[in-house]
Engineer: 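For reference, the structure I am asking about is given below.
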Amino acid sequence: NAGVMQNPRHLVRRRGQEARLRCSPMKGHSHVYWYRQLPEEGLKFMVYLQKENIIDESGMPKERFSAEFPKEGPSILRIQQVVRGDSAAYFCASSSPSGSSYNEQFFGPGTRLTVL
Amino acid sequence: TQLLEQSPQFLSIQEGENLTVYCNSSSVFSSLQWYRQEPGEGPVLLVTVVTGGEVKKLKRLTFQFGDARKDSSLHITAAQTGDTGLYLCAGDYNQGGKLIFGQGTELSVKP
């Protein structure tokens, strides 16, 4: 399966704990995006990364949230000291920098975070 | 701040009917993508439109990009129950980077 992979698919945390969400982009893709989908709301951009670089984090909350995309391994979205309002579906998408100039982004199945 | 207005938000029709979903913005898109999302899954890319006036067909689905590249529509002919799902438009304003999503259209096709 050469699609975008995310794990875990479901994550339950208690308030104050940390959540780590992982994303492996499609083979050949070096651009990764994280989006959040709150209940009854649309998808909202959080952060855009390339290998070892954060390109745009304009949608990321200033506190408790961080993201990385190391040279080796998956991209990680980290949420520290989770609160109930962090409960949402978090989606990762990837795109290829070469070939198409259309910024086509392919999404993973998402991680559903529930904060108790 | 770019906004993408998608309408209608909800649509419930009978099998065999036609429908159109609209996506509008005051800003010009570099490209626009349409996705379909099933419950519990991620959005699946249906089509990307790039050129003003462009029309693309995917079986019973017809996608149109406005001449000024500020709006787009998705038309489904003879809807089937399998078309039920959430349809999302997403615009790229900067030739790369983040996508701005519309609110989505929840389509229900009844037998």
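Reckoned from all heavy atoms, side chains included, excluding hydrogens, waters and symmetry mates. In what follows, chains carry the letters A, B, and so on, assigned in the order in which the sequence lines appear, proteins first and then strands, with residues in each chain numbered from 1.
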Engineer: Minimum heavy-atom separation for A:Gln105 and B:Gln33, please, with both atom names.
Structural biologist: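 Residues A:Gln105 and B:Gln33, closest heavy atoms: N-OE1, 3.4 Å.
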Engineer: Can you find a heavy atom in the side chain of A:Phe45 that is under 4.5 Å from one in the side chain of B:Ile100?
Structural biologist: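 No - every pair of side-chain heavy atoms lies 4.5 Å or more apart.
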Engineer: Can you tell me which portion of A:Gln6 sits under 4.5 Å from chain B's heavy atoms? Options are side chain, backbone, both or neither.
Structural biologist: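 For A:Gln6, no heavy atom lies under 4.5 Å from chain B.
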Engineer: If you count heavy-atom pairs under 4.5 Å between each of A:Gln37, A:His31, A:His10 and chain B, which one has the most?
Structural biologist: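 That would be A:Gln37.
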Engineer: Is there a path of hydrophobic side-chain contacts, each under 4.5 Å between heavy atoms of I, L, V, M, F, W or Y residues, that connects A:Leu21 with A:Val4?
Structural biologist: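 Different hydrophobic clusters.
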Engineer: For residues B:Gly42 and A:Phe91, report the shortest heavy-atom separation together with the two atoms involved.
Structural biologist: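 That closest heavy-atom pairing would be CA-CE2, 3.3 Å.
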Engineer: Hey, are the side chains of A:Asn103 and B:Ser30 touching, using non-hydrogen atoms and a 4.5 Å cut-off?
Structural biologist: no
Engineer: Applying salt bridge (charged side-chain N to carboxylate O under 4.0 Å, His left out), which residue pairs with at least one partner in residues 61-76 of chain B are found, sequence neighbours left out?
Structural biologist: none
Engineer: Is there a path from B:Val50 to B:Val55 through hydrophobic residues (I, L, V, M, F, W, Y) whose side chains come within less than 4.5 Å of each other?
Structural biologist: no
Engineer: Just how far is it from atom NZ of B:Lys98 to atom OH of A:Tyr35, taken to the nearest 0.5 Å?
Structural biologist: 9.0 Å
Engineer: According to a 4.5 Å side-chain heavy-atom criterion applied to Ile, Leu, Val, Met, Phe, Trp and Tyr, with indirect links allowed, do B:Phe101 and A:Met46 form part of one hydrophobic cluster?
Structural biologist: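 No, it is not one cluster - the side chains of B:Phe101 and A:Met46 are not joined through contacts under 4.5 Å.
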Engineer: So with a 6.0 Å cut-off around NZ of B:Lys57, is the heavy-atom count from everything else above 12?
Structural biologist: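 No, the 6.0 Å shell around NZ holds no more than 12 heavy atoms from other groups.
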Engineer: How would you list, by chain and number, every residue that makes a side-chain contact (heavy atoms from CB on, under 4.5 Å) with A:Ile54, sequence neighbours excluded?
Structural biologist: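 For A:Ile54, the residues satisfying side-chain contact (heavy atoms from CB on, under 4.5 Å) (neighbours in sequence not counted) are A:Val47, A:Leu49, A:Glu57.
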Engineer: Does CZ in A:Arg15 sit with more than 12 non-hydrogen atoms of other residues, nucleotides or ligands closer than 6.0 Å?
Structural biologist: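 Count not over threshold, so no.
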Engineer: What part of B:Leu86 is in contact with chain A, defined as an atom under 4.5 angstrom from a non-hydrogen atom: side chain, backbone, both or neither?
Structural biologist: side chain
Engineer: Listing request: all ring-ring contact (aromatic ring centres under 6.0 Å, His included) pairs with a residue in residues 10-31 of chain B, at least two apart in sequence or in separate chains.
Structural biologist: B:Phe29-B:Tyr93
Engineer: Roughly how far, to the nearest 0.5 Å, is the CZ atom of A:Phe107 from the CG atom of B:Leu99?
Structural biologist: 6.0 Å
Engineer: Are B:Ile13 and B:Val21 linked, directly or through intermediate hydrophobic residues, by side-chain heavy-atom contacts shorter than 4.5 Å (ILVMFWY only)?
Structural biologist: yes
Engineer: Measure the CD-CG distance between A:Glu104 and B:Leu45 for me, rounded to the nearest 0.5 Å.
Structural biologist: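 It is 5.5 Å, given to the nearest 0.5 Å.
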Engineer: Under 4.5 Å between side-chain heavy atoms, counting indirect links through other Ile/Leu/Val/Met/Phe/Trp/Tyr residues: same cluster for A:Leu43 and A:Tyr90 or not?
Structural biologist: no
Engineer: Identify which of B:Glu106, B:Glu38, B:Gln37, B:Gln6 forms the greatest number of heavy-atom pairs closer than 4.5 Å to chain A.
Structural biologist: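 Winner by heavy-atom pair count: B:Gln37.
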Engineer: Check whether A:Ile55 gets within reach of chain B through its side chain, its backbone, both or neither, counting any heavy atom under 4.5 Å.
Structural biologist: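 Neither the backbone nor the side chain of A:Ile55 comes within 4.5 Å of chain B.
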Engineer: So what's closer than 4.5 Å to chain B heavy atoms on A:Ser95: side chain, backbone, both or neither?
Structural biologist: neither
Engineer: Which residues in residues 74-84 of chain A have a heavy atom less than 4.5 Å from any heavy atom of chain B?
Structural biologist: none
